**Q** 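Please see the structure below; I have some questions.
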Amino acid sequence: MNDPLQQLIEAIKVGNRKIAATATQTALDSGSSGKEVLGALSEGMDDVGKRFKANEIFVPEVLVAARAMKKSMELLEPILVKSGIKPEHTLVIGTVKGDLHDIGKNLVAMMMKGANFNVIDLGTNLPAQTILDAAIEHKADLVGLSALLTTTMPAMRETVALMNKEPHPFKIIVGGAPITQDFADDIGADGFAIDAASTVELARTLVTSS
Amino acid sequence: MTGKEILLRALKCEATPRVPWVPFVGVHGGALIGVDAKDYLESTEHIVSGLKASAKRYRPDGLPVVFDLQLEAEVLGCQLAWAQETPPAVISHPLDAGYAIKALPTLSVEKGRLPLALQAIRETKKELGEEIALYGLLTGPLTLALHLRGDDVLLDMFDEEEGVVALLDYCAEIANQMVDAYLDAGIDVIAVVDPMISQIGPSHFTDWVAPRLDEVFSYVRKKGALSSLFVCGNATRNLAAMCATQCDNISVDENVDLAELAKVARAAGKSFGGNLQLTKILLLGDEADAKREVVRCLDQAGDGGGFILAPGCDLPYAVKPENLEAVAALVHDPYLIEVARNLPPKDSTDTFDDIPIPDYAAENQVLVDIVTLDSAGCAPCAYMLKAAQKAADEYGGTIDVREHKITTRDGLAYMAKLGVTAIPSICVDGRERFASIIPQRKELVACYQTAAAAK
Ligand code: B12
């Protein structure tokens, strides 16, 4: 396995950040383009997402893969900036007011980064207005809201309602354990995804359809 | 045998006259007495009143005294954010920057909310402890490690092993200090609550978490008490590994297949429980939903004992008390379980067009429909049927008394079409007159006479 890109893919899959960093450097040094390295990262994270969805790996394994991806991105980003390659789409994501669960939201953010979205993670316990302001400031294409408590589902509803009061250029996606497609439709969100891997698919369809 | 004895026997997988029931009342106790989660969890008096109210309404065999997985974390330096309808949440991790475990504050029963929690245990013990077993809930090692260190603890399992080992060992020591404090205060069952176990795989569980859990479980055993491993969240993949620890009991959330757990737990000689759906059924559903849910759990748990009926995790603040009362009613009356077993499914659209009922107004005689489970097998049904027949004899006019068993399609049709609200039930000329309560002969005769006069 001498191909550094192949090595990078494997390193992401098992979450080895050291190999991820050296493979990224070797690939760039030996003439791979920024875009090719990015492709390898996405392929690795895609695989991680699928195995998480299939219950073959669990939260720690995804977190460690994402950390390896981050190491690689640190080396890759300056190259991408230089060559003018920017993620085409921006996701602003956060957990709604009153809710401090963030593991699922973090996984979604990481997988979306892996899928080459520009991800602005606002954190947890966010007032509706804060999310809306950030969406406008960062010219978001997508806004992602997470809620894990039945007691914070109303806060999700209020956040979507606040955003939908005025016309806006972004699509709203929602998720979290108690959220369902019905609830998403009911509160006026544009999409719902059951897990991180499906979120990537959903996001891709929503941004291409708009 | 008291409820407490039944529960303690079931926890040890010994035979019991019925299935014991433990509603995990946490902040819901506050809702019962009209205070919010913060006021509740910060007051011995409120906690004791909440538990007394729960004992009265839900007739439990066991109760947790304080359901708050942030008690220890707060003492150890985590900041908390309070909410009105949930327990507080940890919002800062003192070990964020590294494993400076020695620099953490020491745990003592004098600190944080431990004094008020322990006092609540002592008072509840005095008030309810004869009849009801008390559960002392402590934060499991993985969840406490997450509180102290944040998500990084999961990452560190891959390349900061020493730090994680030290932290988990430390969390097990804290747990054992809580065991001492709880048992001294009068706790009967130690529940190690570790929801984060639902987020890791079996190999991480076995390598990292199980050894620390066993330190706690073996300590509890040495002290002569019982222990439960309590995991909120979907722990399906870890069930076998959880059953391989030294706990006496496994308690699981609603997303676990109870039939599967029953197999694995019984093979390992462990009692098991939990699984009643919190949100869809107990919080948002109605009493009929709650009854069906009890039947589902009992059926999936199967025969073979060692089963404890309980919710999947702590009850939501605003859970409907009538739903829990419906659960309690079934627990204490096997007959009501049989009735519930025959309830039509929730989304049934069956209109029973194939079973016509009489046009009562057009009949010359008085028609009495007794809707029962089956008078042959159910004592109250037999009494009610007999009462209706005896009253008919005494009334002496033309009258027809007929039994409809809800174990048959005919019975279900009558139940639906006459709008019967309880079983057994007496309907006179198509109207429910006596639901579940057997009337005095005089009253019933008078009712027949009125019906005849109205013709
Ligand atoms: C881990 C956990 C915690 C951790 C949180 C750590 C953290 N940093 O997040 C701790 C222990 C701190 C905690 C605290 C509490 N918790 Co908690 N917790 C859980 C648990 C076990 C797992 C949640 C989780 O991380 N899952 C793993 C991730 C990967 O899954 P996920 O979040 O569902 O995310 C996936 C999808 O939903 C989706 N997704 C998520 N977000 C988004 C967003 C978008 C835009 C999209 C498209 C998709 C998407 O993709 C994700 C990845 O595949 C659940 C149990 C459960 N059944 O979910 C309870 C649970 C959510 N907690 C609960 C409760 C009550 C609490 C507390 C109030 C009290 C307590 N028990 O101590 C506090 C509340 C704190 C607060 N105010 O927020 C309840 C909620 C009950 C209810 N119906 O409301 C649950 C369901 C447990 C239970 N059965 O009672 N909790």
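We name chains A, B, ... by the order of the sequence lines, and we start the count at 1 in each one. Predicted, not measured: the structure shown is a model, and the values here were computed from it.
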**Q** With a 4.5 angstrom heavy-atom cut-off, is it the side chain or the backbone of B:A81 that approaches chain A, or both, or neither?
**A** side chain

**Q** First locate atom CZ of B:F158, then atom CD of A:E61, and finally report the distance between them rounded to the nearest 0.5 Å.
**A** 4.5 Å

**Q** What part of B:I91 gets within 4.5 angstrom of chain A, counting heavy atoms only: side chain, backbone, both, or neither?
**A** side chain

**Q** At a heavy-atom separation under 4.5 Å, does A:D102 approach chain B through its side chain, its backbone, both, or neither?
**A** side chain

**Q** What I'd like to find out is whether the side chain of B:P202 reaches to under 4.5 Å of the side chain of A:F58, using heavy atoms alone.
**A** yes

**Q** Below 4.5 Å, heavy-atom pairs only: which of B:Q84, B:H204, B:E85, B:K280 has the largest tally toward chain A?
**A** B:H204

**Q** Look up atom CD1 in A:I103 and atom CG in B:L154, then write down how far apart they are to the nearest 0.5 Å.
**A** 6.5 Å

**Q** With a 4.5 angstrom heavy-atom cut-off, which part of A:L63 approaches chain B: side chain, backbone, both or neither?
**A** both

**Q** Shorter than 4.5 Å, heavy atoms on both sides: which option in A:N16, A:I57, A:L100 has the most such pairs with chain B?
**A** A:L100

**Q** How about B:E325: does its CD atom have over 12 heavy atoms from other parts shown lying under 6.0 Å from it?
**A** yes

**Q** Under 4.0 Å between a Lys/Arg side-chain N and an Asp/Glu carboxylate O for A:K18 and B:D159?
**A** no

**Q** Heavy atoms, side chains only, cut-off 4.5 Å: are A:T150 and B:L283 in contact?
**A** yes

**Q** When you look at NZ of A:K71, are more than 12 heavy atoms from neighbouring residues, nucleotides or ligands closer to it than 6.0 Å?
**A** no

